[in-house]
Trainee: 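This is the structure, below, for whatever I ask next.
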Amino acid sequence: MELSFGFIINIAIAIYLFMDARKRDKSAFFWAIIGLIIGPIVLGIYFIQTGRKGIGWTIVTLSIIWYIIAIVFGILAAILALFI
């Protein structure tokens, strides 16, 4: 079975969120499941919610920029594929 790099990152984020949420008396399963599905944006939101706003906003901003770049390149690749 192949695992993509992004999915492995989401698993690591989910594990971190689960462990840290238990320490801070947050809903560990909720944060872990959402972190597994969505990934880095949820990690940033979690940091913002737990008072670590600087790193949280940095992660959210970089994640959104990364997703926008991925969408733009996907659209460009689809357009390019039409002409080849």
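Index from 1, following the sequence.
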Trainee: Rounded to the nearest 0.5 Å, what separation is found between the CH2 atom of Trp31 and the CD1 atom of Ile45?
Mentor: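 So the CH2 of Trp31 and the CD1 of Ile45 are separated by 6.5 Å.
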Trainee: Which donor-acceptor pairs under 3.5 Å do side chains of residues 7-16 form with protein atoms, sequence neighbours excluded?
Mentor:
unit_1: Asn10; atom_1: ND2; unit_2: Leu36; atom_2: O; d: 3.2
unit_1: Tyr16; atom_1: OH; unit_2: Arg52; atom_2: NH1; d: 3.3

Trainee: Is Tyr46 reachable from Ile37 through a run of I, L, V, M, F, W or Y residues, each pair having side-chain heavy atoms under 4.5 Å apart?
Mentor: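 Looking at the clustering, Tyr46 is in the same group as Ile37.
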Trainee: Can you sort out the partners of Ile79 under side-chain contact (heavy atoms from CB on, under 4.5 Å), two or more places apart, ordered by chain and number?
Mentor: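 Scan of Ile79 (side-chain contact (heavy atoms from CB on, under 4.5 Å), adjacent residues dropped) gives Ile75, Phe83.
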Trainee: The criterion is ring-ring contact (aromatic ring centres under 6.0 Å, His included); which residues satisfy it with Phe29, sequence neighbours excluded?
Mentor: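 ring-ring contact (aromatic ring centres under 6.0 Å, His included) check on Phe29 returns Phe18.
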Trainee: For residues 54-66, which side-chain N or O atoms pair as donor and acceptor with protein atoms under 3.5 Å away, sequence neighbours left out?
Mentor:
unit_1: Thr58; atom_1: OG1; unit_2: Gly54; atom_2: O; d: 2.8
unit_1: Thr61; atom_1: OG1; unit_2: Trp57; atom_2: O; d: 2.7
unit_1: Ser63; atom_1: OG; unit_2: Ile59; atom_2: O; d: 2.7

Trainee: Which value, rounded to the nearest 0.5 Å, describes the distance between Leu43 atom CG and Ile48 atom CD1?
Mentor: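 One gets 10.0 Å once the value is rounded to the nearest 0.5 Å.
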Trainee: Are Ile69 and Leu80 linked, directly or through intermediate hydrophobic residues, by side-chain heavy-atom contacts shorter than 4.5 Å (ILVMFWY only)?
Mentor: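 Leu80 and Ile69: separate clusters.
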Trainee: Please name all residues satisfying salt bridge (Lys or Arg N to Asp or Glu O under 4.0 Å) with Arg24, sequence neighbours left out, ordered by chain then number.
Mentor: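 Testing Arg24 for salt bridge (Lys or Arg N to Asp or Glu O under 4.0 Å), a comparison that skips the adjacent residues, returns Asp20.
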Trainee: Could you list the residues that satisfy side-chain hydrogen bond (donor to acceptor under 3.5 Å, both in side chains) with Tyr67, not counting sequence neighbours?
Mentor: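 Expected list: none.
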